[in-house]
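Every number for a ligand or one of its atoms is a count from 1 in the order of the listing. Since the structure is predicted, the reported quantities are computational estimates derived from the model, not experimental observations.
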Amino acid sequence: MTYEAVIGLEIHAQLQTATKIFCGCSTAFGAPPNANVCPVCLGFPGVLPVLNRAAVDLAIKASLALGCRVNETSVFARKNYFYPDLPKGYQISQYEQPIASAGLVEFAGPDGPRRVQITRVHMEEDAGKSLHEGFADSDRKTYLDYNRAGTPLVEIVTEPDLRSASDAAAFFEHLRSMLVWLGVNDGNMEEGSLRCDANVSVRPVGTTTLGTKAEVKNLNSFRFLQKALEYEIERQIDVLHEGGRVKQETRLFDSATGHTVSMRSKEEAHDYRYFPDPDLPALIVGAARVDAVRASMPELPDARRRRFVAQYGLPDYDAAQLTQTRAMSEFFEAAVAAGAGPKAASNWMMGEMARLLKDGGKDINGSPVTPAQLAGLVALIDKGTISGAIAKGVFETMMATGRDADAIVAAEGLTQIDDEGQILGIIADVIAKNPDAVATYRSGKTATFGFLVGQAMKAAAGKANPKRVNELLKRALETA
Ligand code: ADP
Ligand code: ZN
Ligand code: MG
């Protein structure tokens, strides 16, 4: 019997607002513990939550990008449970009436295009953070930091449409880049801004009923998601092969061993006793507001990728690379607007620029070279002022100093040698100094031609126009 995996994801994404969802406290990461708290996010008696408008707009943005219907009425509910990082004794979330439903996302999986339906998007507040210290009973301590309590989140729930660990990881990656592109989420997975719970079951290939699922909680990297799912799929198939039954349970991934371990079974699952929060009125989002949010959204990566192919004649590969981040796609268009040929701009960005940025530990936002400066370099090559080989060195200097290409070329005397007389002089010298290679060429073994070109370029310190050197050297060798 062969089995297939069935996977659905629940992704928590922090909304990039300046303040929390129900109070005015800052959401800045890295403040001293309990610096960003107030009676509302600490759950003092008698306080009242006030919904953050900016958080709602970001949730709408995410929902639209996921192809969802934004519901006119959604309701905040209390999800009741006790934990020290949840001082109110309940989390404000949405339950039966979420802000958005019924979306569809198309993305490129490692083995081809894939589609995942989105069940719903709901808004909620994050809990605080517990920090545990010590292992022995006598010195075990727990510290509580409520800075994160009340940070706005969206939870994105997918239908069980994914069929492999690698597709699930690719989907999560796609989602991250889309949310970052939109400015909805900062994409910082180490800081917990984006995390994923993976639900997975297996079933015999060809059947359609769902198997019993396990949920693996709190995966905060693409690799961990993939590894956890690979392990879990194997484990469940082994259980079935041995004639056993998969138990419905919540599991945790141990990144040290690559295994998932049981955390709690279905019987121990919470009954959250959801009910509408009496302190918050229903959230009404009219069509005009949805339209206004839609109008404020940037072109999405897929649309931009297709446009780059159509408008600039770029190969699919280039267009896909250049639209990996919004900043990169904007840099490219600015360089083209400043006069660079699209393919030339793309080649520089994907090649030398990417390499030097990486070496310098920078991303494109920190590039010392501006789009206009890149266009300036491309113009010097197009005009024949410098050769492609010299341009590489010039670009390195530009990246190191932020200076313009023509200033560097002038200061360092790098202008290309095009003058026929000058090039002929160099060639005569090379012919005189390499009689053996010349004789070999003239005897019909033309393989030494490349060597002689190399000698001429070397003698010209790389500045001679390589096309002219080729032509004139060939003529000199064949006519003498
Ligand atoms: P629960 O009631 O346990 O929260 P839901 O039906 O709300 O389960 O689904 C939660 C997530 O689990 C969704 O992403 C959904 O697609 C996924 N899911 C549900 N059933 C299965 C299953 N049998 N196998 C894999 N994933 C599933
Ligand atoms: Zn507060
Ligand atoms: Mg559920």
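Atom 3 (O) of ligand 1 has its nearest heavy-atom neighbour, among Arg120, Gln248, Lys213, Glu215, in Lys213.
At a threshold of 4.0 Å, the pair Glu352-Arg355 counts as salt-bridged, since one of the basic side-chain nitrogens sits closer than that to a carboxylate oxygen. Between Lys20 and Asp126 there is no salt bridge, since none of the side-chain N atoms of the basic residue sits less than 4.0 Å from a carboxylate O of the acidic one. A salt bridge links Arg235 to Glu249: one of the charged nitrogens lies within less than 4.0 Å of a carboxylate oxygen.
Within the 4.0 Å heavy-atom criterion, both parts of Asn199, backbone and side chain, lie near ligand 1. Contact annotation for Thr119 and ligand 1: no heavy atom of the residue comes within less than 4.0 Å of the ligand.
Against a heavy-atom cut-off of under 4.0 Å, Gly8 is close to the following atoms of ligand 1: 14 (O), 16 (O), 26 (N). Listed by number with element, the atoms of ligand 1 under 4.0 Å from a non-hydrogen atom of Glu159 are 16 (O). Here is the list of ligand 1 atoms found below 4.0 Å of a heavy atom in Val157: 13 (C), 14 (O).
In terms of polar-atom proximity, Gly211 is counted as a contact of ligand 1, with an N or O under 3.5 Å from an N or O of the ligand. For a threshold of 3.5 Å applied to N or O pairs, the pair formed by Thr212 and ligand 1 contains no separation below that value. Residue Pro160 places at least one N or O, backbone or side chain, under 3.5 Å from an N or O of ligand 1.
Less than 2.8 Å away from the Zn ion (ligand 2), the protein contributes these N/O/S atoms: Cys23 SG, Cys25 SG, Cys38 SG, Cys41 SG.
For the pair Leu322 and Ser346, the minimum side-chain heavy-atom distance is below 4.5 Å. Using a 4.5 Å heavy-atom threshold, the side chains of Pro315 and Lys343 count as touching.
Side-chain atoms of Asn52 do not come within 3.5 Å of backbone N or O of Phe22 as any donor-acceptor pair. In this structure, Asn220 contributes its side chain and Glu190 its backbone to no donor-acceptor pair below 3.5 Å. Panel note: side chain Gln94, backbone Met123; a donor-acceptor pair is recorded below 3.5 Å. A donor-acceptor distance shorter than 3.5 angstrom exists from the side chain of Gln373 to the backbone of Gly402, with no hydrogens or angles considered.
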Using the salt bridge (charged side-chain N to carboxylate O under 4.0 Å, His left out) rule, take Asp291 and Arg294 through it: C-alpha gap first, then chi angles, then the decisive distance, then the call. CA-CA 5 Å; Asp291 288 344; Arg294 190 183 280 114; 3.2 Å; yes
